[in-house]
Amino acid sequence: TVQAFSEIPGLWRNGLANLYSFWKLDGFRNIHRVMVHNFNTFGPIYREKIGYYNSVNIIKPEDAAILFKAEGHYPKRLTVEAWTSYRDYRSRKYGVLLKNGEDWRSNRVVLNREVISPKVLGNFVPLLDEVGQDFVARVHKKIERSGQDKWTTDLSQELFKYALESVGSVLYGERLGLMLDYINPEAQHFIDCISLMFKTTSPMLYIPPAMLRRVGAKIWRDHVEAWDGIFNQADRCIQNIYRTMRQDTNTHRKYPGVLASLLMLDKLSIEDIKASVTELMAGGVDTTSITLLWTLYELARHPDLQEELRAEVAVARQSTQGDMLQMLKMIPLVKGALKETLRLHPVAVSLQRYITEDIVIQNYHIPCGTLVQLGLYAMGRDPDVFPRPEKYLPSRWLRTENQYFRSLGFGFGPRQCLGRRIAETEMQLFLIHMLENFRVDKQRQVEVHSTFQLILLPEKPILLTLKPL
Ligand code: HEM
Ligand code: 2DC
């Protein structure tokens, strides 16, 4: 017989007391490890309430399948109240990230066609490929200047610029100039604002932003300042395109970018377009750059694997004579490496949905309307789900039969990551160019752990050495 909802193990009766213990454990920065600990303590399902944040947590792929079957027509994830509060405070529209219900769906359908449908890949690849080539040229220059035939550095700032340049070129159909020596200080400010925005968001998952705003808390003020910086820079980029579009009357031969395509399509209001394009621009920086940094870190730790990937890329290059769109279809191991990176170092610690019907998971009844959370980080390290989980093995993704609800780094279904195609293409092209030009090396074999700043980040700088082949 099915057991009652109230029988699910876990700590959910006293939210405030749990918030206190969470804080004592430094849980704000360790939510991923706290989740692993909870699954070890309570088993594959547990209930939890921290502050006002109430959820049921699951870890098994089979249970993820049940969850996503119950997500309904308008899938809804946890609302990040800090983000909606800011928009309400400044009277700005929600984009697709924060909308829900029919409003979300109608916007998302239009955006899907311009951002994530396979037909746009042909438009994106030449733009992103150019950015990849410029990155490589920039690294060659750095190596030359070092006078040592190698360059040892914390690549994260360079990768932030690469990611912003990439997403910018796709959104606006033109270059922002971030691969140059002297970059626009406003673009650098934008990058800094995104990191600050993420960092100030995490405590507000547990402490209501409305309350922090009332007492004039620093964290709320910093958060507002960060979003203001993000919106100002996105507004400048959007205005710029809007202006040139109105002057430019001749028909476009080249692909004009996502923003211009959306404006010409005329299916969404300008305010809706601005809101979602801003989210795309902000969502496109830390996510892909950190995933690439983790991938280079893993390749540096696994030199033989690095050579294998290099060989795969070389064969793909040879047999397609550099036709990039074709080449991207011939690099399964490179794609496996990216999946493997997201398994061990996911950007999102969890995926969540408010379920729209009653379900049964692990023999417990869960009522309609409950927030159910899949612990993505914990699942990636569960030995029952991934044999020898501590091993970085891209080849585990080559067999498709074992992938059932296991490759969820970008989420699932109609509410999955809107930037997924951009992210995947941008990261694949980056690895192709890097593998063709440099060997990645690491000084000492020290393990780097993650820290939670809304997204998971390396807890300390990762120093890598790049040498020309
Ligand atoms: C949503 C992961 C890159 C824009 C999401 C979600 C995840 C995710 C897990 C939630 C999906 C769900 O609830 O099912 C990632 C990862 C990335 C990445 C791992 C890179 C490695 C990007 C990029 C952009 C972007 C490059 C923008 C160009 C968005 C947006 C949403 C989203 C707008 C909200 C979609 C909606 O609510 O309809 N992402 N993301 N992401 N992501 Fe990404
Ligand atoms: C954070 O407990 C942990 O892709 C919380 O590009 C639950 C939660 C809810 C929503 C998740 C968030 C977590 C992590 C960051 C995500 C976000 C949805 C979208 C966002 C996964 C797991 C992200 C990084 C977007 C951000 C776009 C934004 C900057 C405009």
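Any value given below was found using the heavy atoms of this structure, including those in side chains, with hydrogens, waters and symmetry copies removed. Whatever order the structure lists them in is the order used to number ligands and atoms, beginning at 1.
- Against a heavy-atom cut-off of under 4.0 Å, F452 is close to the following atoms of ligand 2: 3 (C).
- When atom types are taken as modelled, the side chain of T356 and the backbone of A70 share a donor-acceptor pair closer than 3.5 angstrom.
- The aromatic ring centres of W83 and Y86 sit 6.0 Å or more apart.
- The distance between the ring centers of F39 and Y46 falls below 6.0 angstrom.
- Among all non-hydrogen protein atoms, the one lying nearest atom 2 (C) of ligand 1 is G409 O, 3.5 Å.
- Between Y364 and F5, the ring centre distance reaches or exceeds 6.0 Å.
- Using the six-membered ring where Trp is involved, Y392 and H302 have ring planes that are parallel, under 30° apart on the 30 and 60° scheme.
- Side-chain atoms of E459 do not come within 3.5 Å of backbone N or O of S450 as any donor-acceptor pair.
- At the top of the distance list for atom 8 (C) of ligand 1, counting protein heavy atoms only, stands C417 CB, 3.7 Å.
- Not a single heavy atom of C417 sits less than 4.0 Å from an atom of ligand 2.
- Of the protein's non-hydrogen atoms, T291 OG1, 3.3 Å is the one closest to atom 21 (C) of ligand 1.
- Of the protein's non-hydrogen atoms, the one nearest atom 27 (C) of ligand 2 is G283 CA, 3.7 Å.
- At distances below 3.5 Å, at least one donor-acceptor pair connects side-chain atoms of T244 with backbone N or O atoms of N240.
- Around atom NZ of K119, more than 12 heavy atoms belonging to other residues, nucleotides or ligands sit under 6.0 Å away.
- In this structure, of R77, M281, Q352, the residue bringing a heavy atom nearest to atom 9 (C) of ligand 2 is Q352.
- In this structure the side chain of L155 never reaches within 4.5 angstrom of the side chain of L292, judged on heavy atoms.
- Where the criterion is an N or O separation shorter than 3.5 Å, residue side chain and backbone included, Y53 meets it with respect to ligand 2.
- Relative ring orientation between Y297 and H345 is described as perpendicular, the plane-to-plane angle rising above 60° on a 0-90° scale split at 30° and 60°.
- At the shortest separation from atom 4 (C) of ligand 1 among protein heavy atoms lies G419 N, 3.8 Å.
- With E81 contributing its side chain and M204 its backbone, the two residues share no donor-acceptor pair below 3.5 Å.
- The closest non-hydrogen atom to atom 38 (O) of ligand 1, taken over Q416, R421, R108, comes from R108.
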Between Y94 and N107, is the side-chain hydrogen bond (donor to acceptor under 3.5 Å, both in side chains) condition met? List the steps.
CA-CA 11 Å; Y94 295 0; N107 276 250; over 6 Å; no
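- Taking distance alone, with nitrogen or oxygen atoms compared against 3.5 Å, R353 approaches ligand 1 more closely than that limit.
- Atoms of ligand 2 lying under 4.0 Å from at least one heavy atom of Q373, given by number and element, are 2 (O).
- Of the N or O atoms in F412, one or more lie within a sub-3.5 Å distance of an N or O in ligand 1.
- The single protein non-hydrogen atom nearest to atom 23 (C) of ligand 1 is G283 O, 3.3 Å, given as residue, atom name and distance.
- For atom 33 (C) of ligand 1, the nearest non-hydrogen atom of the protein is L418 CB, 4.0 Å.
- For the pair R77 and ligand 1, the shortest N or O to N or O distance falls below 3.5 Å.
- For ligand 2 and F198, the ligand atoms under 4.0 Å from any heavy atom of the residue are 29 (C).
- In terms of heavy atoms, P389 sits closest to L344 at O-CD2, 3.5 Å.
- In L205, the part holding a heavy atom less than 4.0 Å from any atom of ligand 2 is the side chain.
- Looking only at distances, no side-chain donor or acceptor of Q373 sits under 3.5 Å from a matching main-chain atom of L371.
- For atom 14 (C) of ligand 2, the nearest protein heavy atom (residue, atom name, distance) is L454 O, 3.6 Å.
- Ligand 1 lies within reach of M427, whose nearest heavy atom is under 4.0 Å from it.
- With a heavy-atom cut-off of 4.0 Å, L97 touches ligand 1 through backbone and side chain alike.
- Across all non-hydrogen atoms, the minimal contact from Y172 to I241 is O-CD1, 3.4 Å.
- When heavy-atom distances to ligand 2 are checked against a 4.0 Å cut-off, Y206 has no atom that comes that close, whether in backbone or side chain.
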Set out, in order, the CA-CA distance, both residues' side-chain angles and the distance that settles salt bridge (Lys or Arg N to Asp or Glu O under 4.0 Å) for K199 and D222, then state yes or no.
CA-CA 10 Å; K199 188 177 159 176; D222 286 350; over 6 Å; no
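- Taking each heavy atom of D358 and C368 in turn, the nearest pair found is OD1-N, 2.9 Å.
- Protein heavy atoms are found inside the 4.0 Å sphere centred on atom 22 (C) of ligand 2.
- At a heavy-atom cutoff of 4.0 Å, ligand 2 is contacted by the side chain of T287 but not by its backbone.
- Closest protein heavy atom to atom 26 (C) of ligand 1: G284 CA, 3.5 Å.
- Contact annotation for L97 and ligand 2: only side-chain heavy atoms (C-beta onward) come within less than 4.0 Å of the ligand.
- Between R415 and ligand 1, at least one pair of N/O atoms sits closer than 3.5 Å.
- Residue contacts with ligand 2 for D286 are absent, since no atom lies close enough (heavy atoms, distance under 4.0 Å).
- Nearest protein heavy-atom contact of atom 17 (C) of ligand 2 is W83 CH2, 4.4 Å.
- For L280, heavy-atom contacts with ligand 1 shorter than 4.0 Å involve the backbone as well as the side chain.
- Between F405 and F68, the two ring planes are parallel [angle under 30°; tilted spans 30° to 60°].
- Contact annotation: the side chain of R396 approaches that of R343 to within less than 4.5 Å [non-hydrogen atoms, C-beta and beyond].
- Looking at atom 15 (C) of ligand 2, its nearest protein heavy atom turns out to be I455 CG2, 3.9 Å.
- From the protein, the heavy atom lying nearest to atom 17 (C) of ligand 1 is F410 CE2, 3.4 Å.
- The protein non-hydrogen atom at the shortest distance from atom 29 (C) of ligand 2 is M197 CE, 3.5 Å.
- The nearest non-hydrogen atom to atom 3 (C) of ligand 1, considering only V285, T287, I422, comes from T287.
- Less than 4.0 angstrom separates atom 11 (C) of ligand 2 from none of the non-hydrogen atoms of the protein.
- The proximity of L351 to ligand 1, defined as any non-hydrogen pair under 4.0 Å, is limited to the side chain.
- Polar contact with ligand 1: present for W104 (N/O pair, distance under 3.5 Å).
- Ring planes of W227 and F231: tilted class, angle from 30 to 60°.
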